[in-house]
Engineer: 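Below is one structure. I have some questions about it.
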Amino acid sequence: MIKEIKLTSEYITLGQFLKKESIISSGGQAKWYLQDNPVLLNGIKENRRGKKLRPGDKLEVNQKTYELR
């Protein structure tokens with residue numbers, strides 16, 4: 001199942017996304033989370049918490065798929 005995420009701005013960073021979806025509880029945890037857990041952005045492993053996510057991107061986190069709109 002793909003969860004659609006509607007952006008209210010041009011982009012959101014990967015760290016902000018993780019916090020918004022309650023995958024992490026604070027922005028400071030993003031670095032450590034990305035080191036220990038595989039995150040795929042459009043099928044490619046991504047570990048930069050400042051990576052900009054834009055509409056059309058697909059993200060796989062914790063065996064869940066998200067599509068940004």
Side-chain angles (χ1 to χ4, degrees):
M1 181 176 161
I2 296 176
K3 181 175 180 181
E4 291 188 7
I5 305 295
K6 184 167 177 71
L7 297 182
T8 56
S9 61
E10 181 182 345
Y11 66 86
I12 186 172
T13 66
L14 180 54
Q16 290 170 331
F17 173 84
L18 294 173
K19 187 173 176 190
K20 180 181 177 185
E21 289 299 307
S22 300
I23 297 168
I24 58 174
S25 58
S26 73
Q29 291 178 326
K31 180 179 180 180
W32 310 115
Y33 180 86
L34 293 168
Q35 283 181 350
D36 297 335
N37 300 280
V39 173
L40 299 178
L41 174 60
N42 299 322
I44 300 170
K45 187 172 193 244
E46 184 58 67
N47 62 2
R48 297 173 289 174
R49 67 179 185 248
K51 175 67 176 167
K52 294 177 181 175
L53 308 177
R54 300 180 187 276
D57 284 341
K58 286 188 179 180
L59 202 61
E60 294 179 43
V61 182
N62 288 340
Q63 302 170 350
K64 293 181 185 175
T65 303
Y66 302 88
E67 185 169 341
L68 283 75
R69 297 275 176 194

Engineer: Measure across Glu10 and Pro55 and return the closest heavy-atom pair with its distance rounded to 0.1 Å.
Structural biologist: O-CD, 3.5 Å
Engineer: Report the residue from Ile23, Asn37, Leu40 that forms a side-chain contact (heavy atoms from CB on, under 4.5 Å) with Val61.
Structural biologist: Ile23
Engineer: Could you tell me the separation between the CG atom of Asn47 and the NZ atom of Lys31, rounded to the nearest 0.5 Å?
Structural biologist: 11.0 Å
Engineer: Is there a side-chain contact between Val39 and Leu59 (heavy atoms, below 4.5 Å)?
Structural biologist: yes
Engineer: Which heavy atom of Asp57 sits nearest a heavy atom of Lys52, and at what distance?
Structural biologist: OD2-O, 4.1 Å
Engineer: Do the non-hydrogen side-chain atoms of Leu18 and Leu34 ever get within less than 4.5 Å of each other?
Structural biologist: yes
Engineer: Looking at CD of Glu60 and CD1 of Ile44, how far apart are the two atoms once the value is rounded to the nearest 0.5 Å?
Structural biologist: 11.5 Å
Engineer: If I compare all heavy atoms of Arg49 with all of Ala30, which pair ends up nearest, and what's the gap?
Structural biologist: CB-CB, 3.9 Å
Engineer: Do Glu21 and Lys64 make a side-chain contact, defined as non-hydrogen atoms from C-beta onward lying under 4.5 Å apart?
Structural biologist: no
Engineer: So, Gln29 side chain and Ser25 main chain: donor-acceptor pair closer than 3.5 Å or not?
Structural biologist: yes
Engineer: Would you call Glu46 and Arg48 a salt bridge, using N to O less than 4.0 angstrom?
Structural biologist: yes
Engineer: With a 4.0 Å cut-off, would you call Lys6 and Glu4 a salt bridge?
Structural biologist: no
Engineer: How far does CE of Met1 sit from OG1 of Thr65, to the nearest 0.5 angstrom?
Structural biologist: 10.5 Å
Engineer: Does the side chain of Tyr66 reach to within under 4.5 Å of the side chain of Leu53, using non-hydrogen atoms?
Structural biologist: no
Engineer: Hydrophobic cluster membership, with links at side-chain heavy-atom distances under 4.5 Å among I/L/V/M/F/W/Y: are Phe17 and Leu7 in one?
Structural biologist: yes
Engineer: From Lys19 NZ over to Ile24 CD1, what is the distance, rounded to the nearest 0.5 angstrom?
Structural biologist: 8.0 Å
Engineer: Any heavy-atom pair between the side chains of Glu67 and Ile5 that's under 4.5 Å?
Structural biologist: no
